[in-house]
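Chain naming here is simple, since letters A, B, ... match the order of the sequence lines and numbering starts at 1 in each. Predicted model, so just to flag it, every value in this text is computed and none were measured.
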Amino acid sequence: MTSDTALPLLRVTGLRKHFGRDEIIRGIDLDVAPGDRIAILGASGSGKSTLLRCLNFMERPTAGRIVLGGKVIGTERSGHDGKIEVSYSESELTRVRQRVGMVFQQFNLFPHMTALGNVMEGLRTVKGMARDAAAAKAQGQLARVGLEDKADVYPSRLSGGQKQRVAIARALAMEPELLLFDEPTSALDPELVGEVLRTIRTLAEEGRTMLLVTHEVGFAYHFANRVLFIADGVIHEQGSPDEVLKHPQQARTQAFLARHNEFQF
Amino acid sequence: MNHNWNFDAVWANPEALLAGAAGTLRIFTICLVLGLSLGLLVGLGRYSVRQWIYLPASAFVEFFRNTPVLVQILWFYFALPMLVPFEISPLMAAALGISLNSAAFSGEIFRGGIQSLERSQWEGAQALGMTDAQAMRRIILPQAIKRMLPALTNRAIEIFKMSTLASAVAYVELLQQGKLIASINYNPIEAYTVIALIFFAFLYPLVQATYVLERKLRQGD
Amino acid sequence: MYQWDFTPVLANSGMLAAGLANTLKVTGTALALGVPFGLGLALLRLSSWRALSLPAGFIVEFFRTTPPLVQLFWFFFALPILIQVEMTPFVAAALTFSIQSAAFFAEVFRAGIVSIERGQSEAARALGMTGSQAMRRVILPQAVKRMIPAFTERAIELMKTTTLVATVSYADLLFQANELAQKTFRPLEVFTVTALIYFTVIYAASLVVHRIERRMAISGETTVH
């Protein structure tokens, strides 16, 4: 672990997730320290997106413990045969999600609201901010992603890259302690990937705590201070970008990277 | 709500209910056959390029889709006898109203179904040297009918429900018999509850079957 | 050859106008009650709690499956005895058609709600919205827009169905026509005029629906039926 001294912002232990009979996550332990930038790589179906979606409870974990800011999420009690069962209340998860932002592969902008409306929505509905204050703050967030001139434009008139930057501004406006990116450039045309990656890089330079699921191995190398390689629902290999991406020890990591050999450091 | 439910009087006279059920089935069958076959003609007419076929077919569809079926039944029962030299029985009036109304709605289903087929199907048939009529009969209709099946079964269910309107002109069907039982025995609660449950028991499986059919066809497409 | 004579109809046009007003009153009442009740039924039916979704599903299926005239008779003749209240034709009609159209509107709402992509509710929840906030702010505004054609079509069906109230002696347009026909011995003229009045009102309404449908098709929104 790179973060022995700092208190982890997020600590995950023994995380498991089943969908019916399919076990997608098979026991993952993970510490995230403040300021960590963690890139998560793996083949499709490896469970990397599911892992991310468990962290803000888009999916409820089947087993395991998630501690955010020193507080265990959910109520634990020992069930039959000594196993610990966790039950979650929706209102608690709602509060957790206010602290853990998420950016989706398909952007998921609200099509019936302008770019500004999208960024204001969480501030107004969730944080209960007054209209003027929310608008001013949202305008500032749009400026951060370089879209101040698109405030009154509806998503259908934005390019994919612009949509994703609005989605990033929408997540940032809530001032999350932890930001999750679920393959944020996978749905984009190649020429639009750069603008989104530049935006994410800017956030990294601000020292934000971020987890990024991605296929962009080259970007992961420059972006992350830690890289996880996920296979079959477990962390197969992890370490610094140099260790995992340049000198992988495991055969599967090597095979994965060989298939993504178009990247250059 | 301290009503003492007592269904004895409803069952005491099974012939009354059976006569009603027979009447319901009779008018349902007549209207289903007439409504769908007339609807096919109307739907083909709406597809015609000849104005003298297309225009009357369209006027028919618009008129019967946009007036209430009960108004049509009462028109045939009370107004039509003024124009024709013969008696109009309750069955004739109700069957005319429901059949023509259903023809207008199913006409639109047939038209939509035929239109939904790609041009290439027509062109393929023409390339084989088929006439338009042959292409319609051999190539287009068999495919279109499969797509239209859920909408047509929905229509059949609507016709079944509409058959109760025949009671407004005192045709002997289930609801009319329910009225009769209720007025003889002063038990409208039981009488109408039984009638409602009979319709539900008959139609519910049909409705569910239609849902299944819709899902199957959507998967198969 | 029959001699058409519309003067008795014209002389009593006030009767038909009063009938049309009552038809619109029943339709309006059933719409005003049926829409919110339908939304409620749809939300209950979508609930993950079976104690809510099963009864709501049963109400919807029952009222969509049984003939409306049977429902009307039940509410008019049976219900007043069961709960021992006076029942007027208007109350029975308003009750029947409100519940019946609620059942149909519930399916329109449900189809509209489930047609909204999963990502929308996920994005709303990822911002920290509660389920009801996501429904109110994100899902419903989009769903309602898609539902408008199916919704107006249903409203037109409702107006046609309200003619059934004539059978329990509520003075709607059809009932008034029947009265007038008996009074003037001119059923042909009276029922023809009545049919034309219904046609005019309903056809005008359906033209509006088609215009909305076309505009929605242009703006790329799909119709949910």
Side-chain angles (χ1 to χ4, degrees), chain A residues 49 52-53 55-60 89-113 117-128 154-157 163-164 166-182 187, chain C residues 39 42-53 108-151 212-224:
Chain A
S49 276
L52 204 68
R53 291 166 58 83
L55 300 184
N56 72 342
F57 297 90
M58 287 287 114
E59 310 290 352
R60 291 191 184 195
S89 83
E90 197 53 43
S91 61
E92 182 184 15
L93 299 188
T94 300
R95 285 195 302 277
V96 167
R97 293 187 191 114
Q98 295 174 29
R99 301 166 59 190
V100 182
M102 187 169 216
V103 174
F104 298 87
Q105 182 178 352
Q106 300 291 341
F107 332 126
N108 297 349
L109 289 186
F110 306 133
H112 58 304
M113 300 176 191
N118 266 276
V119 183
M120 283 172 67
E121 185 53 31
L123 300 174
R124 296 271 291 143
T125 304
V126 178
K127 298 214 159 166
Y154 282 89
S156 58
R157 307 243 158 200
K163 281 183 198 166
Q164 194 59 296
V166 173
I168 292 171
R170 178 174 71 178
L172 283 177
M174 300 299 286
E175 295 175 356
E177 297 158 50
L178 176 64
L179 202 45
L180 310 174
F181 291 89
D182 189 5
Chain C
L39 175 60
L43 293 177
L44 289 177
R45 203 176 183 186
L46 287 167
S47 161
S48 53
W49 210 27
R50 288 170 73 86
L52 295 178
S53 67
V108 176
F109 274 115
R110 191 168 75 117
I113 290 169
V114 301
S115 80
I116 303 298
E117 301 68 31
R118 234 176 102 81
Q120 289 294 310
S121 79
E122 287 194 348
R125 288 192 303 141
L127 285 175
M129 286 194 202
T130 62
S132 67
Q133 285 173 330
M135 184 58 79
R136 208 177 61 239
R137 299 283 312 165
V138 176
I139 309 296
L140 271 183
Q142 297 181 60
V144 165
K145 198 178 161 206
R146 294 187 190 184
M147 282 161 10
I148 287 172
F151 178 87
I212 296 171
E213 268 176 355
R214 257 202 309 280
R215 196 176 302 164
M216 306 282 276
I218 291 166
S219 73
E221 289 289 342
T222 47
T223 306
V224 181

Kindly give the heavy-atom pair with the smallest separation between V126(A) and L127(C), and that separation in Å. CG2-O, 3.7 Å

Given heavy-atom pairs under 4.5 angstrom as the criterion, report whether the side chain, backbone, both or neither of V96(A) touches chain C. neither

Relative to chain C, which segment of M174(A) carries a heavy atom at a distance below 4.5 Å: side chain, backbone, both, or neither? side chain

Is there a side-chain contact between H112(A) and K145(C), using heavy atoms and a 4.5 Å cut-off? no

Count the heavy atoms of every other residue, nucleotide or ligand shown that sit under 6.0 Å from CZ of R60(A), and state whether that count exceeds 12. yes

For T125(A), is there any backbone N or O sitting under 3.5 Å from a side-chain donor or acceptor partner on Q133(C)? yes

Side-chain donor/acceptor of Q98(A) to backbone N/O of M129(C), under 3.5 Å: no

Winner by heavy-atom pair count (cut-off under 4.5 Å) against chain C, out of E90(A), Q106(A), R170(A), K127(A): R170(A)

Could you have a look at R95(A), R99(A), Q105(A), R53(A) and say which one has the most heavy-atom pairs with chain C under 4.5 angstrom? R53(A)

Can you give me the closest heavy-atom contact between M58(A) and A126(C), atom names plus distance? CE-N, 3.6 Å

Chain C: which of V100(A), N56(A), L109(A), L180(A) shares the most heavy-atom pairs with it under 4.5 Å? L109(A)

Close side-chain approach of E122(C) and M102(A), heavy atoms under 4.5 Å: no

Measuring heavy-atom distances to chain C, does R124(A) have an atom under 4.5 Å in its side chain, in its backbone, in both, or in neither? neither

Answer yes or no: is there a side-chain heavy-atom contact under 4.5 Å between P111(A) and Q120(C)? yes

So which part of L93(A) gets closer than 4.5 Å to some heavy atom of chain C, the side chain, the backbone, both or neither? neither

Can you tell which part of F110(A) gets under 4.5 Å to a heavy atom of chain C, answering side chain, backbone, both or neither? both

